[in-house]
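In what follows, a single structure is set out as structure tokens and then discussed.
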Amino acid sequence: MFSLKNTVSYEPYWSEQLSEYITALKWSKEGSLAASSAIGEVILSQHNSEQFELILSPSDTQGQSIDCLAFSTDGRFLAIGGQDGKVRICQIQPKFSPIKVSEREKHWIEHLAWHPTQHQLAVSLGRYVQVWDGVLGKIIITLPFEFSSVLDLAWHPLGDYLAVTGNGGIKVWNLKNEPNDPILLQIPAAATQIAWSPDGEYLATACLDHTLLVWRWGNPDPWRISGFGSKVRNLAWSTLKSGIAPLLAVSSYEDIFVWKKEPTDDNGWISRSLSLHNGIIVDLSFHPDSLLLASVGEEGILLLWSKAKKLAQRLTSVSEGFSCLDWHPSGDKLAAGGQDGKVMIWLKSNRGKGFG
């Protein structure tokens, strides 16, 4: 397990340049790294290799943006979705196989999520979600979201439930057995992002009316958190607990707020703010084995926060701002994408090579 003492240090290790804005960036369980761009490129570095391969080019996508990447939990498959309405699935393990294309209706694919334990892929398609057999490419079930276009989706960590958000609230389907009517969590505004805590006990959603809602799963009444200066843009749960529950970090414009669960439900959640960015924060992510929090902003700053409390390290490597980040499953590497098309990797300790 990664351990924080008094300091933490990550150094530049590797970089790759794409032609356009990095739209998504994901590590697999086995340490493969995929990144996509706004011009339709996808690159893949397999099994902790330092060599990237172009597996999708602008000519394959007619220059249309690729916006979401998702590795299956076992790292065997990579799903790719974007503006051209096609879902592409390639096999990564045990060896790389060519991309299979599943094309249904011409909807911009903005959200993909693999089931936590099975090769089932949830795909947002306008006002509904389809769950596919990711190996065969066949539809298992279609789930309607009548209120609006789907704005986000997330599987419960055990895979029993699939939560889908949009205007008017959240629908949660029980897919463990034959699904019936979904649980409906109504809200007066659009729910823009959603995230389950890693233990599956809490469900958080960001709303367009500058509020944050947190449910204890099974309780229909949420905690409603307000007072943000702008909409909540990012949600991140810690894997480790702090007290009785994981930490919840959210960003609103230039500020980060870290919420900790009080011992009793009557007291709810208490927060602390982290305010060193001077541009819109575009992504947040907790280290997989500690409370170290990473944040990136449009001003081109990457910050590491020790125990999600105080600044541990400041890293800058892009001139036009960051767009996304993701931790390697070991926590020894941190990858980030830039608005200038650059993919950067930092390595724990003093083993860094430096960016070229």
Side-chain angles (χ1 to χ4, degrees), residues 23-24 26 36 38 40 61-62 64-70 72 79-89 100-116 118-134 136-156 159-196 203-213 215 217 220 222 231-235:
T23 53
K26 296 292 181 183
S36 61
T61 61
Q62 290 75 52
Q64 298 181 83
S65 176
I66 293 296
D67 298 290
C68 47
L69 302 170
S72 59
I80 303 166
Q83 189 176 1
D84 66 359
K86 298 177 181 179
V87 176
R88 299 169 170 88
I89 300 175
K100 297 179 181 178
V101 180
S102 297
E103 184 176 359
R104 301 293 187 238
E105 299 180 24
K106 282 292 185 179
H107 289 286
W108 191 330
I109 309 298
E110 297 184 87
H111 305 287
L112 297 170
W114 288 95
H115 188 284
Q118 302 176 38
H119 292 135
Q120 296 179 2
L121 181 67
V123 182
S124 67
L125 294 164
R127 290 176 177 260
Y128 58 95
V129 170
Q130 287 182 343
V131 180
W132 297 359
D133 182 313
L136 301 177
K138 294 183 178 180
I139 299 171
I140 298 172
I141 192 168
T142 299
L143 305 170
F145 195 86
E146 302 90 345
F147 308 134
S148 72
S149 295
V150 171
L151 299 181
D152 201 4
L153 53 85
W155 289 97
H156 185 277
D160 297 345
Y161 300 96
L162 177 64
V164 179
T165 69
N167 188 39
I170 303 165
K171 283 187 173 185
V172 185
W173 280 271
N174 183 346
L175 298 182
K176 184 176 182 179
N177 302 309
E178 185 69 24
N180 297 309
D181 292 336
I183 299 168
L184 178 60
L185 304 173
Q186 290 184 303
I187 58 176
T192 57
Q193 294 192 27
I194 194 165
W196 295 93
L203 179 65
T205 185
C207 304
L208 204 56
D209 62 357
H210 302 185
T211 62
L212 172 69
L213 299 177
W215 282 267
W217 186 236
K231 71 176 182 179
V232 174
R233 295 175 179 270
N234 297 283
L235 305 173

Hey, are the side chains of T61 and R88 touching, using non-hydrogen atoms and a 4.5 Å cut-off?
yes
Min side-chain heavy-atom separation I80-I109 under 4.5 Å:
no
Any luck finding a side-chain donor-acceptor pair between W108 and D67 under 3.5 Å?
yes
Donor-acceptor contact present, side-chain W155 to main-chain Y161, <3.5 Å
no
So which atom in A154 and which in I194 form the shortest heavy-atom distance, rounded to 0.1 Å?
CB-CG2, 3.9 Å
Interatomic distance, K86 atom NZ to Q64 atom CD [nearest 0.5 angstrom]:
9.0 Å
Does the side chain of K171 reach to within under 4.5 Å of the side chain of F145, using non-hydrogen atoms?
yes
If you look at every heavy atom in S149 and R127, which pair is closest and at what distance?
N-CG, 4.0 Å
Between V87 and I89, is there a side-chain heavy-atom distance shorter than 4.5 Å?
yes
Are D160 and L175 side-chain neighbours, meaning at least one heavy-atom pair lies under 4.5 Å?
no
If you take all heavy atoms of A122 and L153, which pair is closest and at what distance?
CB-CD1, 4.1 Å
Run through D152, T165, V164, L125 and flag the one making a side-chain contact (heavy atoms from CB on, under 4.5 Å) with H111.
D152
Counting C-beta onward and ignoring hydrogens, is there a side-chain heavy-atom pair between Y128 and V150 closer than 4.5 Å?
no
Does the side-chain contact (heavy atoms from CB on, under 4.5 Å) test come out yes or no for W173 and I183, once each step is laid out?
CA-CA 6 Å; W173 280 271; I183 299 168; over 6 Å; no
May I have the step-by-step check of side-chain contact (heavy atoms from CB on, under 4.5 Å) for L184 and F147, ending in yes or no?
CA-CA 12 Å; L184 178 60; F147 308 134; 3.7 Å; yes
Mind checking whether V131 and I139 have side chains closer than 4.5 Å, heavy atoms only?
no
Is there a donor-acceptor contact under 3.5 Å from the side chain of T192 to the main chain of L208?
no
At their closest point, which heavy atom of L151 faces which heavy atom of N167, and how far apart are they?
CD1-N, 4.4 Å
Can you name the closest pair of heavy atoms from I170 and A163 and give their distance?
CG2-CB, 4.4 Å
Compute whether any side-chain donor of one residue and acceptor of the other, for T23 and S65, lie under 3.5 angstrom apart.
no
Any chance you could measure D209, atom CG, to K231, atom NZ, to the nearest 0.5 Å?
12.0 Å
What is the distance from atom CZ of R233 to atom CG of L235, rounded to the nearest 0.5 Å?
12.5 Å
Examine distances only and state if a side-chain atom of W114 and a backbone atom of Q120 form a donor-acceptor pair shorter than 3.5 Å.
no
Ignoring hydrogens and angles, tell me if any N or O in the side chain of T205 forms a donor-acceptor pair with the backbone of Q193 under 3.5 Å.
yes
At their closest point, which heavy atom of I187 faces which heavy atom of G169, and how far apart are they?
CG1-CA, 3.5 Å
Can you check whether V123 reaches V129 side chain to side chain, under 4.5 Å on heavy atoms?
no
With no hydrogens and no angle check, is any side-chain donor or acceptor of H119 less than 3.5 Å from a backbone partner on G134?
no
Rounded distance [0.5 Å steps], OG in S72 versus NE2 in H115:
12.5 Å
Any donor-acceptor pair under 3.5 Å from S148 side chain to G166 backbone
no
